[in-house]
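Okay, structure first, notes after.
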Amino acid sequence: MHFFNIDQEVMELEEQIRLLVNLQKTDLSIDKLEGTINDIPKKIEEWGREFKKKEADLETMKQGLETLTRDLRSKERKLISTNEDLKRYGEKIYKVKTQKEMVALDHEIDLTRKEKDRLENRIIELMEETENLSLEIEKRERELNAEKERLAMREKEYQEKLSKNKKELDLLLTEKNGIVSKVRKDLLALYEKLRKNKNNLAIVPIKNEACQGCFMTIPPQVINEVKMNEKLIRCENCVRILYWEKE
Ligand SMILES: [Zn+2]
């Protein structure tokens with residue numbers, strides 16, 4: 001009867017270890033899924049922020065265009081009044097009586113012509129600048145509109161992904177509860193404690209004679225004990241639960 005009991009204990013421990021391995025697999029999937037679920041709203045928010053920044057840049061460009069246009073209109077008005085001045089001086093020339101007056105008028109005409117040239121050159125420059133900036137703004141507006149559509153599509157895609165992930169998470173949590181209900185209380189407590197303190201890995205296989213948690217070599221005697229499943233064996237170095245994967 002003694003052997004029967006040992007066999008039964010071995011079977012029980014084997015089953016418990018199998019449950020813990022499954023539990024950990026489920027927990028790792030849950031962790032990963034929860035990570036994705038948390039990341040999605042952050043991603044969507046980040047896209048929104050980037051888009052708003054581009055919109056603000058465009059708004060700045062539009063304000064720049066307004067300033068340029070105002071400058072252009074004011075130079076055009078100045079040019080008109082400068083031309084009127086020149087016209088007036090042209091009429092005045094016939095009414096000048098003294099040489100002194102003539103010299104003064106010549107000087108005035110000279111200055112006004114220079115001002116007219118300066119204004120005309122500046123107006124041409126401003127026209128080019130406003131033209132270029134208008135084109136650039138139109139281009140950016142088109143790009144931004146296209147991006148807005150893309151963004152809305154991507155957001156919809158991610159929202160769908162999010163609800164799919166949440167459903168998947170529900171399934172995993174149900175699965176986890178099913179496993180947990182079968183795990184021995186003391187083993188479950190140990191598992192939870194190790195998972196918390198050991199980077200989410202409480203139970204690890206032995207591969208190439210090494211613990212797959214900390215990669216320290218496991219002595220052959222201990223490997224044999226792990227294979228026998230008569231008692232729970234933990235890594236001497238990282239204290240994780242060890243198990244043997246049957247091929
Ligand atoms: Zn270890």
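From Thr82, atom OG1 reaches atom NZ of Lys114 across 14.5 Å, with rounding to the nearest 0.5 Å. Interatomic distance, CD of Glu76 versus CG of Leu119, reported as 10.5 Å (0.5 Å rounding). For the atom pair Arg122 CZ and Glu129 CD, the distance stands at 5.0 Å (nearest 0.5 Å). The distance from atom NZ of Lys182 to atom CG of Leu188, rounded to the nearest 0.5 Å, is 13.5 Å. Rounded to the nearest 0.5 angstrom, Asp71 CG and Thr130 OG1 are separated by 10.0 Å. Note that the CG atom of Leu201 and the CZ atom of Arg195 stand 8.5 Å from one another [nearest 0.5 Å].
Val226 and Leu232 sit in two unconnected hydrophobic clusters of ILVMFWY residues. Membership requires side-chain heavy atoms under 4.5 Å apart, directly or through other members. Tracing side-chain contacts under 4.5 Å through hydrophobic residues (I, L, V, M, F, W, Y), one never reaches Ile233 starting from Leu190; they form parts of separate clusters. By the rule that hydrophobic residues join a cluster once side-chain heavy atoms approach within less than 4.5 Å of another member, Leu65 and Met127 end up as members of one cluster. In this structure, Ile223 is not a member of the same hydrophobic cluster as Tyr243, with clusters built from ILVMFWY side-chain heavy atoms closer than 4.5 Å. Both Leu28 and Leu242 are part of a single hydrophobic cluster, where members link through side-chain heavy atoms under 4.5 Å apart.
Between Thr98 and Glu101 there is a side-chain heavy-atom pair separated by less than 4.5 Å. Taking 4.5 Å as the limit, every side-chain heavy atom of Leu13 sits out of range of all side-chain heavy atoms of Glu9. Proximity of Lys148 to Glu143: side-chain heavy atoms (C-beta onward) are nowhere separated by under 4.5 Å. By the 4.5 Å heavy-atom criterion applied to side chains, Glu59 and Glu55 are not counted as neighbours. Ile17 is not listed as a side-chain neighbour of Trp244, based on a closest heavy-atom distance of 4.5 Å or more.
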Verdict with supporting geometry, Glu141 and Lys62, side-chain contact (heavy atoms from CB on, under 4.5 Å) | CA-CA 11 Å; Glu141 258 171 349; Lys62 281 181 180 173; 2.8 Å; yes
Met61 vs Asp57, side-chain contact (heavy atoms from CB on, under 4.5 Å): CA-CA, chis, key distance, verdict | CA-CA 6 Å; Met61 285 172 84; Asp57 287 347; 5.7 Å; no
When you look at Arg49 and Glu46, which way does the salt bridge (Lys or Arg N to Asp or Glu O under 4.0 Å) test go after all the steps?
-> CA-CA 5 Å; Arg49 266 203 306 278; Glu46 194 184 308; 5.1 Å; no
Given salt bridge (Lys or Arg N to Asp or Glu O under 4.0 Å), test Glu120 with Lys116 step by step and report yes or no.
-> CA-CA 6 Å; Glu120 279 173 348; Lys116 177 184 150 90; 3.4 Å; yes
Take Arg73 and Thr69 through the side-chain contact (heavy atoms from CB on, under 4.5 Å) test and state the conclusion after the steps.
-> CA-CA 6 Å; Arg73 297 290 165 258; Thr69 308; 4.1 Å; yes
Evaluate the side-chain contact (heavy atoms from CB on, under 4.5 Å) criterion for residues Lys231 and Glu225: first the C-alpha distance (whole Å), next the side-chain angles of each, then the deciding distance (0.1 Å), finally the verdict.
-> CA-CA 8 Å; Lys231 59 179 182 188; Glu225 281 179 332; 4.0 Å; yes
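The neighbour count for Lys193 NZ, taken as heavy atoms of other residues, nucleotides or ligands under 6.0 Å away, does not exceed 12. Heavy-atom contacts from other residues, nucleotides or ligands closer than 6.0 Å to CD of Glu236 number 12 or fewer. Environment of CD in Glu149: sparse, with no more than 12 heavy atoms of neighbouring residues, nucleotides or ligands closer than 6.0 Å.
With salt bridges taken as basic N to acidic carboxylate O contacts below 4.0 Å, one links Glu115 and Arg118. Classification of Asp117 and Arg113 as a salt-bridged pair fails, no side-chain N sitting under 4.0 Å from a carboxylate O. Using a cut-off of 4.0 Å between Lys/Arg side-chain N and Asp/Glu carboxylate O, Arg140 and Glu136 are scored as salt-bridged.
Side-chain N or O atoms of Asp110 include none that pairs as donor or acceptor with a backbone N or O of Asp106 at under 3.5 Å. Without hydrogens or angle criteria, Arg240 side chain to Leu194 main chain gives no donor-acceptor distance under 3.5 Å.
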Show the atom names and distances, to 0.1 Å, of all donor-acceptor pairs under 3.5 Å that link a side chain in residues 205-222 to residues at least two apart or in another chain.
residue : atom : partner : partner atom : Å
Gln212  : NE2  : Lys207  : O            : 3.2
Gln212  : NE2  : Ala210  : O            : 3.2

Residues 32-45, side-chain donor-acceptor partners within the protein, below 3.5 Å, at least two apart:
residue : atom : partner : partner atom : Å
Thr36   : OG1  : Lys32   : O            : 3.0
Asn38   : ND2  : Glu34   : O            : 3.3

Would you give me the side-chain donor-acceptor pairs under 3.5 Å for residues 155-173, sequence neighbours excluded?
residue : atom : partner : partner atom : Å
Ser163  : OG   : Glu160  : O            : 3.1
Asn165  : ND2  : Lys161  : O            : 3.4

Pair up each side-chain donor or acceptor in residues 19-27 with any protein partner under 3.5 Å, not counting sequence neighbours, and list the distances.
residue : atom : partner : partner atom : Å
Gln24   : OE1  : Ala202  : N            : 2.6
Gln24   : OE1  : Ile203  : N            : 3.0
Gln24   : NE2  : Ile203  : O            : 2.7
Thr26   : OG1  : Asn22   : O            : 2.7
Asp27   : OD1  : Lys176  : NZ           : 2.9
Asp27   : OD2  : Tyr191  : OH           : 2.6

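Contacts of Glu84 classified as side chain to side chain contact (heavy atoms under 4.5 Å, CB included), with partners at least two apart in sequence or in another chain: Ile80, Ser81.
Grouped with Tyr89 in one hydrophobic cluster are Leu86, Ile93, Tyr94, Val96, Met102, Leu105, Ile109, the linkage being side-chain heavy-atom contacts under 4.5 Å among Ile, Leu, Val, Met, Phe, Trp and Tyr residues.
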